[in-house]
Protein chains: 2
Amino acid sequence: MSGDWQPGQRIPVEHELATEYRCSRMTVNKALSALAERGMIVRRRKAGSFVAAQQIDRTVMDIQDISTEAELAGYQHDYQMLMRRIERLDASDAALLREPAGAEILRLQCLHLVDGKPNAIERRIIMLDAVPLARDEAFASVPPAKWLLEQVPWSKARHIIRAVSADAATARLLETERGEACLTLIRQTWQNGGTVTYVEITHPGDRFQFAGDFQPAEKDAFDHTTRRSAT
Amino acid sequence: MSGDWQPGQRIPVEHELATEYRCSRMTVNKALSALAERGMIVRRRKAGSFVAAQQIDRTVMDIQDISTEAELAGYQHDYQMLMRRIERLDASDAALLREPAGAEILRLQCLHLVDGKPNAIERRIIMLDAVPLARDEAFASVPPAKWLLEQVPWSKARHIIRAVSADAATARLLETERGEACLTLIRQTWQNGGTVTYVEITHPGDRFQFAGDFQPAEKDAFDHTTRRSAT
DNA sequence: TATATCTATTTGTATAGACAAAAGCGGGTC
DNA sequence: GACCCGCTTTTGTCTATACAAATAGATATA
């Protein structure tokens, strides 16, 4: 516990730390790289390593496919295809996805049931350019998430979690009240810079939540107490 | 692209991969360790490395302190202390926190304003055993999250994100409608196995969301296409 | 059969050395 | 001033080697 590190403060160079702690530079490098990956320090060649300015609380959330999740919890998962339509991307969706309007898409809507009870509505857009095989796929037995997973690897994903009030259609499908608080997970996945799919999954708020853990894992590298945000 | 990996399938041992790809075992080890850290494979000494069973979509969410978040976005942050009371942990909260009932706690409730508008209600429990200094702190100028951060390092955190409908009191404070969908972030932090603090932060759903990114970063180690869940 | 012990395999981690890549810095030129 | 060039520092990464730690599987023992 040799004290706190102020944001922006420079950390001694690897070589110095190595001699100070009687270990090889590789070992120091590994430790500092781990800290950098966690966002606690920032490293720049020639400039050096610095305590990160915004000390952020990085939480790892395990966000799963509904069917997998149900399976793991030992529940039965089922789903119904409510809509399946080939369209062209309209202006508003194009802006949302940041893809050119007019691109051919497959628009899906389906209802997921866990243990026989409605658990989520999935509204999905699949870019047919990126996944041409989807054009002829009915998704009769395999849910779209699973099917896509087997067809297309993705290289980047972005998630957004929102609270929304159930509109009339959503409430009816999820067998809940209109205006009920729902948790919507929005996920967009990319491959080679192009969108593969965009999906909004809406869960009834009283039957769903997201959980995530964080532990530093690094064994207090170099005996310093590192600061963290948001307690 | 030598094909997919089936969950549970065994990966050749480091030594074999090293000779196959003409690199040192250290390099292989680093690559596989990175995959293991991402949860894509599971490694066990003597047994070997295996493709992870539940292929989970790990998303890193940066969950920040409200005041920090507002600052970063260039907004003005303010807050009002609504309640500050020393109590003893009752049975229901004890069960929630998994701490023994009767422990002395400081219960806080405050309202956060961003750019003058109500943005969140913070309901917090601070364990006075873990943070004795909190007993005499009025939190007049420094918000509890920031103050705690400076006082107590934590070693483990758990987050839960839920959608809830605003009750009458919440709606009034957040200047929104009763029943409005809200996003609640629950965070519990520990130090040495004991709870430091437990907090519920409720945001109006129309003014808040959580976002998280994921990219594999590993440059497709060993030319295999790894599977990932939930597209 | 159940249990303890040994052994070989596999991962985990540390080390010293080497070179590559990025980038800050200064000096020179215009 | 701006711009270019090369020097040097610092991080990034790989290699070969070595040993430690865990443990699956085989063997011995009760």
Side-chain angles (χ1 to χ4, degrees), chain A residues 2 5-56 58 60 155-156 213 215-224 226-227, chain B residues 2 5-56 58 60 155 213-224 226-227:
Chain A
S2 44
W5 285 4
Q6 295 303 317
Q9 185 185 333
R10 181 170 176 173
I11 294 169
V13 299
E14 295 186 350
H15 161 256
E16 285 177 71
L17 288 170
T19 56
E20 185 180 347
Y21 292 96
R22 322 268 176 112
C23 61
S24 73
R25 188 173 78 87
M26 267 301 289
T27 310
V28 174
N29 180 281
K30 220 178 156 185
L32 293 185
S33 299
L35 289 178
E37 201 168 330
R38 291 179 165 280
M40 324 208 73
I41 64 173
V42 175
R43 318 194 72 198
R44 266 178 16 248
R45 280 164 158 152
K46 169 73 186 176
S49 304
F50 305 86
V51 178
Q54 359 118 284
Q55 303 241 349
I56 284 175
R58 297 215 156 147
V60 178
S155 55
K156 201 183 108 182
D213 282 299
Q215 40 238 25
E218 274 325 296
K219 320 131 187 178
D220 248 345
F222 304 118
D223 188 27
H224 284 103
T226 45
R227 286 225 219 163
Chain B
S2 44
W5 286 4
Q6 296 302 317
Q9 184 186 335
R10 181 170 175 171
I11 294 168
V13 300
E14 295 185 349
H15 159 257
E16 286 176 71
L17 289 169
T19 57
E20 184 181 348
Y21 292 97
R22 320 267 175 112
C23 62
S24 74
R25 186 174 80 85
M26 267 301 289
T27 311
V28 174
N29 180 280
K30 217 177 157 187
L32 293 186
S33 301
L35 289 178
E37 202 170 331
R38 292 180 165 278
M40 323 207 75
I41 65 173
V42 174
R43 317 194 72 197
R44 263 176 22 246
R45 281 164 159 154
K46 168 76 186 176
S49 304
F50 305 86
V51 178
Q54 0 119 282
Q55 304 242 347
I56 284 176
R58 297 217 158 146
V60 178
S155 55
D213 281 300
F214 179 88
Q215 39 239 23
E218 273 326 293
K219 319 131 186 178
D220 248 345
F222 303 119
D223 188 26
H224 284 103
T226 46
R227 287 226 218 162

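As the structure is a computational prediction, the values presented were derived from the model and not from experiment. Worth knowing before you read on, the calculation uses all heavy atoms, side chains too, and leaves out hydrogens, waters and symmetry mates. Reminder, nothing fancy here: chain letters follow the sequence lines and each chain counts from 1.
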### Task
Map A:Ser24 and B:Ala47 onto DNA chain C by nearest heavy atom, then report which one ends up closer to the 5' terminus.
B:Ala47

### Task
Classify the side chain of A:Arg22 versus the base of C:dT15 as yes if they form a donor-acceptor pair under 3.5 Å and no if they do not.
no

### Query
Are any non-hydrogen side-chain atoms of B:Val28 and B:Glu20 less than 4.5 angstrom apart?
no

### Query
So, is B:Thr27 close to the D:dT13 phosphate, meaning a side-chain N or O under 4.0 Å from OP1 or OP2?
no

## Note on the structure
B:Leu17 CG to C:dT10 P, in whole Å, measures 12 Å

### Query
Taking side chain as C-beta onward, heavy atoms only, is B:Leu35 less than 4.5 Å from B:Ile11?
no

### Message
Rounded to whole Å, how long is the line connecting atom NZ of A:Lys46 with atom C1' of C:dA22?
### Response
11 Å

### Task
Compare side-chain N and O positions of A:Ser49 against OP1 and OP2 of D:dT11 and report whether any pair is under 4.0 Å apart.
yes

#### Entry: Minimal non-hydrogen separation, A:Ser49 against A:Ile41, with atom names
CB-CD1, 4.5 Å

#### Entry: Pairwise 5' ranking along DNA chain C for A:Arg45 and B:Arg10, keeping only the more 5' one
B:Arg10

### Task
Using only heavy-atom distances, decide whether a donor-acceptor pair under 3.5 angstrom links the side-chain of A:Arg44 to the base of D:dG12.
no

### Query
Considering only heavy atoms and no angle criterion, is a donor-acceptor pair shorter than 3.5 Å present between the side chain of A:Arg25 and the base of D:dT10?
no

### Nucleotide nearest A:Met26 when distance is taken to its side chain, options D:dT15, D:dA18, D:dT11
D:dT15

